[in-house]
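Quick note on labels: first sequence line is chain A, next is B, and so on, each numbered from 1.
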Protein chains: 2
Amino acid sequence: MSTTHEDLTGRARLRDAAIECFAARGFGESLRAIATRAGVSAGLVRHHFGSKEELRAECDATVLKRYRVLKVDSMNTPPTRLFAQLPASRDGGVLMVYILRSVQDGSPAGRTFVDNMVAEALAFTTDAVARGLVVPSRNEEARARFMVQQSIGSMLVNLAMRPEVRLDDFANVMDQYMAQAMLPTLEVYTEGVFADRTYLDEYLAYLAAKTNPPAGLAGEAAMS
Amino acid sequence: MSTTHEDLTGRARLRDAAIECFAARGFGESLRAIATRAGVSAGLVRHHFGSKEELRAECDATVLKRYRVLKVDSMNTPPTRLFAQLPASRDGGVLMVYILRSVQDGSPAGRTFVDNMVAEALAFTTDAVARGLVVPSRNEEARARFMVQQSIGSMLVNLAMRPEVRLDDFANVMDQYMAQAMLPTLEVYTEGVFADRTYLDEYLAYLAAKTNPPAGLAGEAAMS
DNA sequence: CCGCGGACTATACATGCGAGTAGTCTGCTG
DNA sequence: CAGCAGACTACTCGCATGTATAGTCCGCGG
């Protein structure tokens, strides 16, 4: 939905063109390229936004807003699958890639996106744990953050590996990713990877020894 | 080891300075900054390497070589822990961050690094599966690739989230990451996330239905 | 002592960028 | 019709970067 029309005001056209350019080619894309894509001149950016930075800020805000809308939509309509509802459509794909680029870029906006997702994931998992659907963790917040970092990160790496993301196939790219990531994800998440608990128990013992140093042992003097 | 000395030939000094600059600030770092860090002038880059591209190619090759050395070292000496041997030292940290930046950058070198790690991971896991240490997968290659993408990716996201990586604390950054990622990693890998097999079995059924279309069902016409 | 060659510097391009300025076109309002 | 305001364009400026050129310094073999 939203913006298939071409009869938008110049400001909105410029913003949407910038979102697609940023998603497709990264935030290094020049104002001239963005303006060309929007069918206007480069100087107009300044007229409407003042600077490239402000343009991007508006793009960030718009993407976050639309992401939230898509999120609640996908939460309401089909509660079938756990992941992958987001990038189903083309619009969702653009949003997802834009978010990935923000994270890749290391910008504050990227942090905002990630923090948002972590909060959502934490709420989701704590609820799912309470309902017995998900195994509890010794540190729910750390697990939620880690899993979000893994999810975003694996998509990011996958995206970065492709020689060039065609401007149009955002949805296609995400679909391909899902096709090759879904099976391993589900395997690891339901069956685990290690056949026994040795590594985990050893690490837990290590942690316990570090926080509760047993009397009679010296030498652990990593000051921090 | 390797390069704490300052009495290296100009070419090597320049290369090592470039590796550190690229790792610390990304590949956009200017030749002048690199030259300044190496204590020489910018024109010398051209004299020794011809272009920035060739400088970077040499950095890529050097990093890959040193990474392999560190890898086999850590494989031989302490077979205690499974992960995290790599970025123990400062040198390892620089290498790791350089590799992360290469992946982030989307360069062919990044692909090389990842493919390398995937091959290593695949060899490792198949062996571990044979020895009963790791749960088998329905597609070992896909799982290995996915797990590498997740590992690299989560580090990448974590790195990108930090406001600025100090030039010196490469090892510190990696240590911090390990401290916060180790517990969730081990939990997920040994205990899984989902409490039951529903999602996995549903997806497997979906896959089976897609590859072996049961007669008498139409409507699945997603051509690709 | 000569002088030759390579490491190295200083400086000058050429390019692409964001930012800034001035001016044109268009539509609405009185 | 007058004229004003805002959307929009064409052009210029300053800056940073990679690249290229000319020249300097120094050690080593004759």
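Annotation: side chain to side chain donor-acceptor pair (under 3.5 Å) contacts of Gln149(B) (sequence neighbours excluded): Asn158(A). For Arg37(A), the side chain to side chain donor-acceptor pair (under 3.5 Å) partners two or more places apart in sequence, or in a different chain, are Glu20(A). With sequence neighbours left out, the side chain to side chain donor-acceptor pair (under 3.5 Å) criterion links Arg46(A) to no other residue.
With Phe113(B) as the fixed residue, the side chain to side chain contact (heavy atoms under 4.5 Å, CB included) test singles out one of Leu95(B), Ile152(B), Ile99(B), Val118(B): Ile99(B). Between Glu120(B) and the choices Lys71(B), Arg68(B), Arg145(B), the salt bridge (Lys or Arg N to Asp or Glu O under 4.0 Å) rule is met once, by Lys71(B). Test Glu58(A), His48(A), His47(A) against Arg11(A) for side-chain hydrogen bond (donor to acceptor under 3.5 Å, both in side chains) and you get one pass: Glu58(A).
Whole-Å rounding puts the Lys52(B) NZ to dT19(D) P distance at 8 Å. Look at CD on Glu54(B): it is 13 Å from C1' on dG18(D), rounded to the nearest Å. If you measure from atom CZ of Arg32(B) to atom P of dA20(D), you get 13 Å, rounded to the nearest angstrom. Put simply, CD on Glu53(B) is 15 Å from C1' on dT17(D), counting in whole angstrom units.
For the pair Thr112(B) (side chain) and Pro108(B) (backbone), a donor-acceptor distance under 3.5 Å is present. In this structure, the side chain of Glu187(B) does not engage the main chain of Ser137(A) through any donor-acceptor pair within 3.5 Å. Not a single donor-acceptor pair under 3.5 Å links the side chain of Asp169(A) to the backbone N or O of Asn172(A).
For the contact set between residues 37-48 of chain B and DNA chain D, defined by any heavy atom under 4.0 Å, the members are Arg46(B). Using a 4.0 Å cutoff on non-hydrogen atoms, the parts of residues 20-29 of chain B near DNA chain D are Glu29(B), ordered by number.
Protein chain A contacts DNA chain C over a range whose 5' and 3' limits, counting nucleotides with an atom under 4.0 angstrom from a non-hydrogen atom, are dC17(C) to dT21(C).
Rounding to the nearest 0.5 angstrom, the gap separating the CZ atom in Arg32(B) from the OG atom in Ser41(B) is 10.0 Å.
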